Protein chains: 2
Amino acid sequence: MTLSALADPTRRAILARLASGEAYVSELAEPFDMSLVAVSKHLKVLEKAGLISKGREAQWRPCRLEPKPLRQVDDWLESYRQFWNDNLDRLEAYAALLQQGEVDEPST
Amino acid sequence: MTLSALADPTRRAILARLASGEAYVSELAEPFDMSLVAVSKHLKVLEKAGLISKGREAQWRPCRLEPKPLRQVDDWLESYRQFWNDNLDRLEAYAALLQQGEVDEPST
DNA sequence: CCTATATTAAACCAATAAGTTAATTAACTT
DNA sequence: AAGTTAATTAACTTATTGGTTTAATATAGG
C-alpha cells in the first residue's frame with residue numbers, strides 16, 4: 001500500500017513538506033491548486049498507509065511524517081542495490097579495459 | 001511514473017524474478033494466475049517506466065531489469081533517510097536517559 | 001447561544017487501471 | 001504452404017482514483 005500512496009505527486013510533495021516539520025491540514029493544502037477536501041483525502045491515503053499520523057489541537061489536526069513505511073521501502077530496495085552495484089561494477093571493469101586499450105570502443 | 005509502476009504487486013514480483021536474471025514474457029507469466037495478455041501489459045508498464053527493457057530473439061522477447069529508475073527511487077529516499085535517522089537518534093538518546101534514571105518512564 | 005474556523009463525510013463524475021476474450025503479427029518447423 | 005509458438009493489439013468490462021460541490025461535525029470566542 002505504501003508504494004501506491006507514494007505514486008501520487010501531490011502526496012509526495014506533502015511528505016516533502018512534512019519532512020521539515022509538522023503542519024496542519026490547511027497549511028498543507030495551501031500550495032496546491034485544488035480544494036482543501038481533495039488534500040484532506042490525500043492525507044487520508046497517506047495516513048492509511050502509515051506514512052503520516054495526525055494529532056489533535058482544538059480544531060486543528062497537526063500532521064507529521066512517520067518513518068516506518070519509508071524505511072520499509074528502503075529495505076525493499078536492498079535486494080536491488082546488489083543488482084545495480086553489480087551492473088556498475090561491470091561498467092567500471094569495462095571502462096578500465098577501455099583505458100588499457102584491451103578492447104575496441106563500440107562504433108555507435 | 002516509476003512509483004506507480006512499482007505500486008502493483010504483480011509488477012514487483014516480476015522485478016524480483018528479473019533480479020535473478022533475464023526471462024521471456026511467457027516465463028514471467030507462468031507463476032501468475034492471470035492471462036499472458038495481462039502480464040504482457042504489466043511488462044509494458046514496466047518498460048515505459050524504464051524499469052525493464054526487452055530484447056529480441058526470434059519470437060521471444062527476453063526481458064531484463066534496468067537499474068536506473070530504482071536507483072532514482074533510492075536517491076529520492078535519501079532526503080528521508082536523514083529524517084528517520086534523526087528519529088532513531090532521538091529514541092536512542094531517550095533510551096539512554098531512561099537508563100540513567102534521568103526521566104520517568106511514561107505511564108502508558 | 002451564535003458564529004466563524006478547521007476538518008471530514010457524502011454523493012457524484014471523468015479518467016485510469018487491471019483484467020478479460022478474440023484477433024493479429026511475426027518467426028520458426030515441417 | 002501450412003501449422004505452431006510467442007507475443008502484441010483491439011475491444012470491452014469493472015473497479016479504483018482523483019477530483020468536484022454540498023453538507024455535516026467539532027471547537028473556540030464573543
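To find a chain, count down the sequence lines: A is the first, B the second, and so on, and within it residues start at 1. This one's a predicted model, so the numbers in the text were calculated from it and none came from an experiment.
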Quick one, which residues of residues 12-21 of chain A touch DNA chain C with a heavy atom under 4.0 Å? none
Nearest-Å distance, CD (A:Glu30) to P (C:dA6)? 13 Å
Measuring only between side-chain heavy atoms, which start at C-beta, is A:Ile52 closer than 4.5 Å to A:Ile14? no
Could you let me know what D:dT27 is paired to, Watson-Crick or G-U wobble, both distances under 3.5 Å, or none if it's on its own? C:dA4
Nearest-angstrom distance from the residue atom CZ of B:Phe32 to P of C:dG19: 10 Å
note: A:Leu46, atom CG; C:dT8, atom P; distance rounded to Å ~ 12 Å
Would you mind checking if A:Arg81 and A:Asp74 are paired as a salt bridge, meaning a charged N to carboxylate O distance below 4.0 Å? yes
By nearest-heavy-atom nucleotide on DNA chain D, the more 5' of A:Glu57 and A:Met34 is A:Met34
Dump the pairs, protein N or O against N or O of nucleotides 7-10 of chain D, anything under 3.5 Å, distances to one decimal.
{"residue": "D:dA7", "atom": "OP1", "partner": "B:Val25", "partner atom": "N", "Å": "3.2"}
{"residue": "D:dA7", "atom": "OP1", "partner": "B:Arg61", "partner atom": "N", "Å": "3.2"}
{"residue": "D:dA7", "atom": "OP2", "partner": "B:Ser26", "partner atom": "N", "Å": "2.7"}
{"residue": "D:dA7", "atom": "OP2", "partner": "B:Ser26", "partner atom": "OG", "Å": "2.3"}
{"residue": "D:dT8", "atom": "OP1", "partner": "B:Lys54", "partner atom": "NZ", "Å": "2.8"}
{"residue": "D:dT8", "atom": "OP2", "partner": "B:Ser40", "partner atom": "OG", "Å": "2.6"}
{"residue": "D:dT9", "atom": "OP2", "partner": "B:Lys44", "partner atom": "NZ", "Å": "3.2"}

Are any non-hydrogen side-chain atoms of A:Lys54 and A:Leu43 less than 4.5 angstrom apart? yes
Between B:Asp33 (CG) and C:dG19 (C1'), how many Å, whole number? 12 Å
Calculate, to the nearest 0.5 Å, the distance between atoms CZ and CG belonging to B:Arg64 and B:Leu51 respectively. 13.5 Å
I need the residues from residues 1-11 of chain B with at least one non-hydrogen atom less than 4.0 Å from DNA chain D; give them sorted by number, or say none. none
B:Arg11: partners by side chain to side chain donor-acceptor pair (under 3.5 Å), with sequence neighbours left out: B:His42
So CD of A:Glu27 and SG of A:Cys63: to nearest 0.5 Å the spacing works out to 9.5 Å
A:Ser53: partners by side chain to side chain donor-acceptor pair (under 3.5 Å), with sequence neighbours left out: A:Glu66
Linking I/L/V/M/F/W/Y whenever any side-chain heavy atoms sit under 4.5 Å apart, do B:Val73 and B:Met1 land together? no
When you measure from the side-chain N and O atoms of A:His42 to the phosphate of D:dT17, is any distance below 4.0 Å, counting only OP1 and OP2? no
Counting C-beta onward and ignoring hydrogens, is there a side-chain heavy-atom pair between A:Trp84 and B:Leu65 closer than 4.5 Å? no
Has the side chain of A:Arg61 got a donor or acceptor atom that lies under 3.5 Å from a matching backbone atom of A:Arg56? no
So which residues get pulled into A:Trp60's cluster when ILVMFWY side chains under 4.5 Å apart are joined, directly or through others? A:Tyr24
